[in-house]
Number of protein chains: 2
Amino acid sequence: MVTETREKMVRTAALLLAKRGLQGASFSEVLAASGAPRGSIYHHFPEGKDQLVAEALALAQARAMDELERHRGESAPDVARAFVQLWRDVLLASDFSAGCAVVAVTVAADAEPLVEKAAAVFREWQGILTDLLATGGVPSARAASLASLLIAASEGAVIVARAEGAIDRFDAVAEELVEVVAAAGEVSG
Amino acid sequence: MVTETREKMVRTAALLLAKRGLQGASFSEVLAASGAPRGSIYHHFPEGKDQLVAEALALAQARAMDELERHRGESAPDVARAFVQLWRDVLLASDFSAGCAVVAVTVAADAEPLVEKAAAVFREWQGILTDLLATGGVPSARAASLASLLIAASEGAVIVARAEGAIDRFDAVAEELVEVVAAAGEVSG
DNA sequence: GTCTATACGAAGATAGAC
DNA sequence: GTCTATCTTCGTATAGAC
């Protein structure tokens with residue numbers, strides 16, 4: 001298949017970004033982990049590492065978006081639960097060795113364009129979450145700030161849980177988040 | 001002074017960690033930014049970079065702890081405001097180019113001991129925040145999970161704001177956090 | 001589309017002089 | 001306590017053959 005190697009590299013880069021950060025997602029590591037042939041790097045990614053990372057970010061974005069989209073129409077607390085669960089799965093599936101690729105790029109990027117790509121991912125998530133929360137019963141005036149809270153707290157909780165190697169504090173944060181969203185929905189009936 | 005150069009290196013490492021991540025806090029960068037002499041690296045830090053980073057983490061921990069300690073005895077919402085303000089200042093003072101050193105280490109460390117050091121910092125913050133929130137009027141059963149929420153959401157909001165290069169979403173998260181803490185305090189009077 | 005070889009720089013680390 | 005020099009490894013990137 002024409003694009004199989006390429007896609008595998010992007011998936012592997014996304015995983016390495018989440019697990020070991022921007023520096024850990026080196027070409028050597030990506031090749032070793034993906035089994036892709038060394039000679040094909042600049043064939044598939046003529047702009048080098050930044051291009052590979054940018055596509056890994058796009059993949060991470062799409063994954064979360066797709067998962068969230070599956071919960072369109074559900075109540076706001078259920079939407080919140082779905083978003084939080086997405087990150088909980090990342091932690092557990094990786095035995096606390098993985099986090100968020102977008103975060104990894106944001107805190108380690110030395111190139112502006114890459115930070116802007118990361119910001120774009122956060123904006124996309126913010127947009128769909130705001131939409132889903134409003135649809136799910138949260139007053140529209142509050143939906144945006146609750147979406148911001150969900151994203152920020154989830155990302156932060158992933159980091160703390162990773163450092164600890166335990167799910168406890170992530171779950172504590174998750175419960176608080178769902179409660180806040182539920183309370184916001186009850187106000188307007 | 002015996003320790004002046006050394007302290008300057010640690011402070012610079014903490015700053016570089018926050019600004020450019022673990023990879024950006026290289027010896028060359030630390031030396032260039034601190035003005036410290038190259039020959040003194042392994043004199044002051046015989047265990048190399050990991051030792052320097054570990055001390056930078058300890059510094060970051062102490063700074064937040066000291067700032068929080070100044071608010072002992074205040075109401076829970078004021079404690080929450082103080083913690084959030086601490087991170088807001090980091091963003092604004094750096095023009096959105098700096099975040100949290102502990103986060104940077106957690107998401108990029110390839111050595112376990114360093115991740116454990118990062119976890120220790122989060123635990124310290126968790127401990128004092130839980131204490132201050134309980135003292136400030138939050139039911140003790142809830143203080144710990146609210147402390148976790150404060151830490152996670154603040155760290156996450158810092159990352160998002162950094163990527164965006166704007167304070168808006170950080171402030172939205174901050175407001176939500178203070179409200180949640182305030183509401184938790186009102187329950188028990 | 002994939003290969004080998006190679007250039008170039010940066011990073012961590014060590015040795016030994018001063 | 002600080003200096004210079006050097007070593008090794010690794011990462012990005014390019015050239016040119018197949």
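Convention: sequence-line order gives letters A, B, ...; per-chain numbering from 1. Treat the numbers as computed from the prediction; the structure is a model and nothing was measured.
- Taking a 4.5 Å side-chain heavy-atom cut-off between Ile, Leu, Val, Met, Phe, Trp and Tyr, the cluster of A/V178 contains only that residue.
- Within residues 48-59 of chain A, the residues that have a heavy atom under 4.0 Å from DNA chain D are, in order of number, A/G48, A/K49.
- For B/F27, the ring-ring contact (aromatic ring centres under 6.0 Å, His included) partners are B/Y42, not counting sequence neighbours.
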Please tabulate, one pair per line, all N/O donor-acceptor pairs under 3.5 Å involving side-chain atoms of residues 145-153 of chain A, not counting sequence neighbours.
unit_1	atom_1	unit_2	atom_2	d
A/S145	OG	A/R142	O	3.2
A/S145	OG	B/E176	OE2	2.5
A/S148	OG	A/Q126	OE1	3.0
A/S148	OG	A/Q126	NE2	3.3
A/S148	OG	A/A144	O	3.3
A/S148	OG	B/R169	NE	3.4

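- Distance CD (B/E7) to C1' (D/dG1): 16 Å, rounded to an integer number of Å.
- Under the 4.5 angstrom side-chain criterion for Ile, Leu, Val, Met, Phe, Trp and Tyr, B/V115 has no cluster partners at all.
- OP1 or OP2 of D/dG1 lies within a sub-4.0 Å distance of a side-chain N or O belonging to B/H43.
- Taking atom NZ of residue A/K8 and atom P of nucleotide C/dG1, one finds them 15 Å apart after rounding to whole Å.
- C/dA11 atom P lies 10 Å from atom CG of A/D110, rounded to whole Å.
- Scanning residues 10-30 of chain A for heavy-atom distances under 4.0 Å to DNA chain D yields A/S26, A/F27, A/S28.
- Which of D/dT2, D/dT4, C/dG1 sits closest to the side chain of B/R38 comes down to D/dT4.
- B/L31 places its CG atom 12 Å from the P atom of D/dT4, with the value rounded to the nearest Å.
- If you measure from atom CZ of B/F45 to atom C1' of C/dT14, you get 18 Å, rounded to the nearest angstrom.
- In this structure the side chain of B/V181 never reaches within 4.5 angstrom of the side chain of B/L177, judged on heavy atoms.
- In this structure, A/P37 and B/Y42 both approach DNA chain C, and ranking their closest nucleotides by distance from the 5' end singles out A/P37.
- Atom CD1 in B/I41 sits about 15 Å away from atom P in D/dG1, given to the nearest Å.
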All N/O pairs under 3.5 Å across the protein-nucleotides 16-18 of chain D interface:
none

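- Counting only residues at least two apart or in different chains, salt bridge (charged side-chain N to carboxylate O under 4.0 Å, His left out) contacts with residues 82-93 of chain B comprise B/R88-B/D171.
- Here the nucleotide nearest the side chain of B/T5, chosen from C/dT2, D/dT2, D/dT4, is D/dT2.
- A salt bridge (charged side-chain N to carboxylate O under 4.0 Å, His left out) check over residues 42-61 of chain B, counting only residues at least two apart or in different chains, returns the pairs B/R6-B/E55.
- Residue pairs meeting the salt bridge (charged side-chain N to carboxylate O under 4.0 Å, His left out) criterion with at least one partner in residues 9-35 of chain A, sequence neighbours excluded, are A/R20-A/E29.
- Residues B/V160 and B/F170 fail the side-chain proximity criterion, which asks for heavy atoms closer than 4.5 Å.
- Among pairs with a residue in residues 106-117 of chain B, those fulfilling side-chain hydrogen bond (donor to acceptor under 3.5 Å, both in side chains) read B/E116-B/R123, at least two apart in sequence or across chains.
- Pairs passing the salt bridge (charged side-chain N to carboxylate O under 4.0 Å, His left out) check and including a residue from residues 74-85 of chain B, sequence neighbours excluded, read B/D78-B/R81.
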